[in-house]
Amino acid sequence: MKISTFFYILRQGFANIRRNILFSLASLGTIISCLFLFGIIYAVVVNFQSGMQELENTVTISVFFDEDVSDDTIQLIGSQIRTLDYVNTMDYVSADDAWNKFVEQNYDNPQAAKDAFGEDNPLKNSASYEVTLKDVARQPEFVAFAQGLSGVRKVKSSDVTADSITTLSSLVGYASIGIVVILMLVSIFLISNTITIGITVRKEEIGIMKLIGATNVFVRAPFIIEGVIIGAVGSAIPLVLLYYMYDKILTYVAGRFKVVTTLFAFVSQHDLFKTMIPVGLVLGIGVGLVGSILTTRKHLRV
């Protein structure tokens, strides 16, 4: 394609937008609204998943050993657990550590409780490995593995908590995908309508172009450019707005609700938008491209 032809097609794409300015603005407004909602949903989901990940790190599985088990066996069990790629952390808790933690959590005067028992440790057989997983959905798999190891007496897990986290994460993920798909379909529909009107307005001109031998690409390209431009602008505007809004929201929450920031760590602006920006642009341009291609294939059978 010649450079002059490319710029002619580009000018025609902008001219199509000017000819149908009201419908173009309607399509643009729809994409801006849809991608603005997409950005909000994306930010909520990413922060939710980050919070779920932090919560997953608190769900521990305790692996207890047989009575009078040797140190070598304990180390062997630990080595076997470390071979699992989905294990996140593993900490050894001795019987003394377990007893100290127990009295700290259950007695108003921990030292008095320790003195009462003296050298006698009621939890002398409670040494264990405290394990967290990268994905709590694999907890049943880990429990089955640990119970099959020689020297393991019992495996204590939080099945209800793990199931709740997995179910909630899946529910939020599916709901978000469904909402985004609906928003994109609405955008494609409106862009298609806008381009259809443009084709109708230029019907006679297009007919003349066909008679003098214009190719498929030459006739369809301006309308495709029109859809891409609307999609690109419609995605850039909400991304810019969300970028500055998110920073303001983080600053406001940190200043007014310090309790929230201590309990929940928000994803940073950089980490959030390094993915949201390319995804948002691809979605916007993709919606415009798909909408224009579908419409031109239907109405311009050159």
Side-chain angles (χ1 to χ4, degrees), residues 10 13-14 16-18 21-57 168-192 194-195 224-293:
L10 191 61
F14 281 102
N16 288 346
I17 295 175
R18 289 196 301 272
I21 187 65
L22 292 179
F23 291 97
S24 296
L25 289 176
S27 297
L28 184 64
T30 301
I31 292 183
I32 290 173
S33 301
C34 291
L35 286 177
F36 187 81
L37 290 175
F38 160 76
I40 294 174
I41 293 169
Y42 182 85
V44 171
V45 170
V46 169
N47 279 285
F48 175 82
Q49 290 178 338
S50 176
M52 287 295 100
Q53 185 62 50
E54 292 181 11
L55 185 59
E56 286 182 11
N57 292 336
L168 187 57
S169 297
S170 300
L171 182 62
V172 171
Y174 290 136
S176 303
I177 292 173
I179 294 172
V180 170
V181 169
I182 293 172
L183 294 175
M184 295 303 104
L185 290 176
V186 171
S187 300
I188 290 174
F189 174 75
L190 287 178
I191 286 178
S192 297
T194 301
I195 293 174
I224 294 175
I225 293 295
E226 177 186 357
V228 170
I229 292 171
I230 293 174
V233 175
S235 59
I237 292 174
L239 287 173
V240 172
L241 291 175
L242 287 167
Y243 184 84
Y244 289 103
M245 283 179 61
Y246 188 76
D247 182 57
K248 297 294 183 183
I249 290 171
L250 291 186
T251 304
Y252 178 79
V253 172
R256 297 292 298 274
F257 305 100
K258 293 184 179 180
V259 176
V260 175
T261 56
T262 58
L263 296 175
F264 183 83
F266 287 92
V267 177
S268 68
Q269 184 186 46
H270 174 266
D271 290 339
L272 179 67
F273 281 89
K274 72 179 180 181
T275 304
M276 185 192 292
I277 289 176
V279 170
L281 290 174
V282 168
L283 281 177
I285 294 172
V287 164
L289 183 63
V290 171
S292 58
I293 289 176

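Computed from a predicted model, the values in this text were never measured in an experiment.
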Next on the checklist: Tell me every residue that passes side-chain hydrogen bond (donor to acceptor under 3.5 Å, both in side chains) with Tyr42, counting only those two or more places apart in sequence or in another chain.
Outcome noted: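 Tyr42 satisfies side-chain hydrogen bond (donor to acceptor under 3.5 Å, both in side chains) with no other residue.
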Item to check | Test side-chain contact (heavy atoms from CB on, under 4.5 Å) applied to Val279 - qualifying residues, sequence neighbours left out | outcome: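 If we apply the side-chain contact (heavy atoms from CB on, under 4.5 Å) test to Val279, skipping adjacent residues, the hits are Phe38, Thr275, Leu283.
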Checklist entry - side-chain contact (heavy atoms from CB on, under 4.5 Å) with Val290: which residues, sequence neighbours excluded? => result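 Listed in chain order: Ile188, Leu294.
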Check residues 234-243 and write down every donor-acceptor pair under 3.5 Å in which the side-chain atom is one partner and the other belongs to a residue at least two apart or another chain.
unit_1: Ser235; atom_1: OG; unit_2: Gly231; atom_2: O; d: 3.1
unit_1: Ser235; atom_1: OG; unit_2: Ala232; atom_2: O; d: 2.9

Return the [atom1] to [atom2] distance between [X] and [Y], rounded to the nearest 0.5 Å.
| X | Y | atom1 | atom2 | result |
| --- | --- | --- | --- | --- |
| Asn47 | Leu250 | CG | CG | 7.5 Å |
| Ile230 | Leu289 | CD1 | CG | 12.5 Å |
| Ile249 | Gln269 | CD1 | CD | 11.0 Å |

Item to check | Minimum heavy-atom distance Pro278-Phe273, with the two atoms named | outcome: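 Looks like CD-O, 4.0 Å.
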Checklist entry - Among pairs that include at least one residue of residues 273-290, which meet salt bridge (Lys or Arg N to Asp or Glu O under 4.0 Å), considering only residues two or more places apart or in two chains? => result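 Salt bridge (Lys or Arg N to Asp or Glu O under 4.0 Å) check on residues 273-290 returns Asp271-Lys274.
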Checklist entry - Do Phe36 and Met245 have side-chain heavy atoms sitting under 4.5 Å apart? => result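 Touching, per the 4.5 Å side-chain cut-off.
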